[in-house]
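One structure below.
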Amino acid sequence: MTITLNPASTVMFTGDSITGLWRQDGDDRAAYPLQVAGRWAFEHPDRPLTWLNTGYRGDTTADLEARWQANVLDARPDVLSILAATYRRLLTPLADAGTRLILIEPFLLAVDGVVEAGGMRIGEQERKQWREDLEPKIGVVRALAREYGAELLEADRMFTELSARRPPEHWAEDGVHPTAAGHSALAEAWLELVA
């Protein structure tokens with residue numbers, strides 16, 4: 001099943017620093033929502049859309065929920081793409097209103113060594129703890145996709161498979177925030193879910 005994007009539809013991306021694009025000074029990568037919008041406009045000039053991105057750096061699910069009414073519900077998107085281990089109560093009003101949903105599962109790449117990201121030092125122990133915390137969240141996102149008939153972008157599985165071809169650092173240097181190649185992989189996978 002794919003989502004058909006009709007002319008004049010509003011597509012909203014929301015989530016955390018990956019969606020809102022956390023990047024270091026001088027970094028030239030473009031976030032996957034921007035790449036999706038650009039590719040769509042290039043490939044489908046006959047179907048112009050309104051693209052919104054309400055992703056914020058450092059957001060937790062609680063932060064997302066606090067601004068849900070003003071940033072998401074009030075915008076009344078036709079399609080919502082969310083990268084977060086989110087709650088059922090956030091999705092229900094949108095599904096009830098007929099909004100098509102694209103859920104992107106959270107991911108963590110198995111990079112080697114200690115890296116610094118967002119002022120944090122991330123090593124093997126931190127990644128192990130994050131992975132243990134992440135697995136149930138991935139399960140929740142998959143269950144919500146089934147429950148709401150949403151499209152699911154299996155980002156964790158995708159990056160695991162891509163890491164078999166190129167080192168994980170090629171896709172996300174810190175294992176969390178995608179590189180330019182990682183954002184392009186997300187954009188490509190997202191575009192496969194729509195027509």
Side-chain angles (χ1 to χ4, degrees), residues 1-23 28-107 137-138 140-156 158 177-178 180 182-195:
M1 171 174 58
T2 58
I3 294 175
T4 300
L5 300 179
N6 297 314
S9 292
T10 298
V11 178
M12 176 181 284
F13 294 88
T14 196
D16 57 15
S17 59
I18 296 167
T19 304
L21 186 57
W22 170 85
R23 62 182 179 182
D28 65 353
R29 68 187 114 175
Y32 75 94
L34 180 61
Q35 291 187 38
V36 165
R39 283 272 309 278
W40 181 269
F42 177 74
E43 294 175 5
H44 303 281
D46 58 323
R47 287 192 278 163
L49 304 175
T50 298
W51 300 93
L52 304 173
N53 186 346
T54 62
Y56 288 101
R57 178 180 179 179
D59 258 8
T60 63
T61 304
D63 297 324
L64 193 61
E65 185 172 18
R67 59 185 178 79
W68 197 251
Q69 181 67 48
N71 285 16
V72 178
L73 297 179
D74 289 351
R76 304 175 69 115
D78 299 295
V79 176
L80 175 73
S81 176
I82 184 168
L83 173 54
T86 189
Y87 297 124
R88 182 173 284 103
R89 68 180 171 265
L90 297 179
L91 299 176
T92 299
L94 292 160
D96 289 348
T99 300
R100 296 297 309 268
L101 302 171
I102 298 174
L103 303 184
I104 304 172
E105 69 184 20
F107 55 88
K137 292 177 179 177
I138 290 171
V140 167
V141 171
R142 289 176 178 174
L144 288 169
R146 286 189 300 274
E147 180 179 337
Y148 287 96
E151 293 293 331
L152 175 65
L153 196 162
E154 295 182 53
D156 193 61
M158 176 189 75
H177 298 95
H183 276 288
S184 290
L186 282 170
E188 195 69 29
W190 195 97
L191 285 164
E192 290 176 7
L193 301 176
V194 298

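No hydrogens, no waters, no symmetry mates; every other heavy atom, side chains included, goes into these values.
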Here the salt bridge (charged side-chain N to carboxylate O under 4.0 Å, His left out) pairs for residues 31-42, sequence neighbours left out, are Arg39-Glu43, Arg39-Glu188
CG on Leu152 to CZ on Arg146, rounded to 0.5 Å | 8.5 Å
Does any non-hydrogen side-chain atom of Ile3 lie less than 4.5 Å from one of Ile102?
-> yes
Rounded distance (nearest 0.5 Å) linking atom CE of Met12 with atom OG1 of Thr54 = 5.0 Å
Check for a donor-acceptor pair, side chain of Thr99 on one end and backbone N or O of Pro77 on the other, with a separation under 3.5 Å.
-> yes
Mind listing the closest non-hydrogen atom pair of Leu193 and Leu153 along with its distance?
-> CD1-CB, 4.0 Å
Exercise: identify the closest heavy-atom pair between His183 and Ile18 = CE1-O, 3.3 Å
Answer whether the closest heavy-atom distance between the side chains of Ile82 and Val72 falls below 4.5 Å.
-> no
Indicate the atoms forming the closest heavy-atom contact of Ala95 with Leu101, along with that distance.
-> CB-CD1, 4.5 Å
Can you tell me how far CG of Leu91 sits from CG of Leu103, rounded to the nearest 0.5 angstrom?
-> 6.0 Å
Of all heavy-atom pairs between Pro93 and Leu73, which one has the smallest distance, and what is that distance?
-> CB-CD2, 3.9 Å
4.5 Å side-chain heavy-atom contact, Val141 and Pro106 | yes
Rounding to 0.5 Å, atoms NZ (Lys137) and OG1 (Thr61) come to a distance of 6.5 Å
Mind listing the closest non-hydrogen atom pair of Arg67 and Gly15 along with its distance?
-> NH2-O, 3.5 Å
Below 4.5 Å, heavy atoms only, C-beta onward: do Thr14 and Trp68 meet side chain to side chain?
-> yes
Assess whether atom CZ of Arg47 is packed by more than 12 heavy atoms of other residues, nucleotides or ligands within 6.0 Å.
-> yes
Leu191 CG to Thr2 OG1 distance, which is reported to the nearest 0.5 Å = 12.0 Å
Thr19 side chain reached by Pro33 side chain, heavy atoms, under 4.5 Å | yes
Yes or no on side-chain contact (heavy atoms from CB on, under 4.5 Å) for Trp40 and Val11, after CA distance, side-chain angles and deciding distance?
-> CA-CA 11 Å; Trp40 181 269; Val11 178; over 6 Å; no
Do the side chains of Tyr56 and Asp63 get nearer than 4.5 Å, heavy atoms only?
-> no
For Gln35 and Ala180, the nearest pair of non-hydrogen atoms, with its separation, is NE2-O, 4.1 Å
Can you list every pair that meets ring-ring contact (aromatic ring centres under 6.0 Å, His included) and has a residue in residues 1-20, with sequence neighbours left out?
-> Phe13-Tyr32, Phe13-Trp190
Backbone N or O of Glu147 within a donor-acceptor pair of the Arg88 side chain at under 3.5 Å?
-> no
Please tell me if the side chains of Trp51 and Leu34 come closer than 4.5 Å, counting only heavy atoms from C-beta onward.
-> no
Donor-acceptor pair, side chain of Glu105 and main chain of Asp156, under 3.5 angstrom = yes
So do Ile138 and Glu154 actually touch side chain to side chain, heavy atoms under 4.5 Å?
-> no
Check: Leu90 main-chain N/O paired with Glu65 side-chain donor or acceptor under 3.5 Å = no
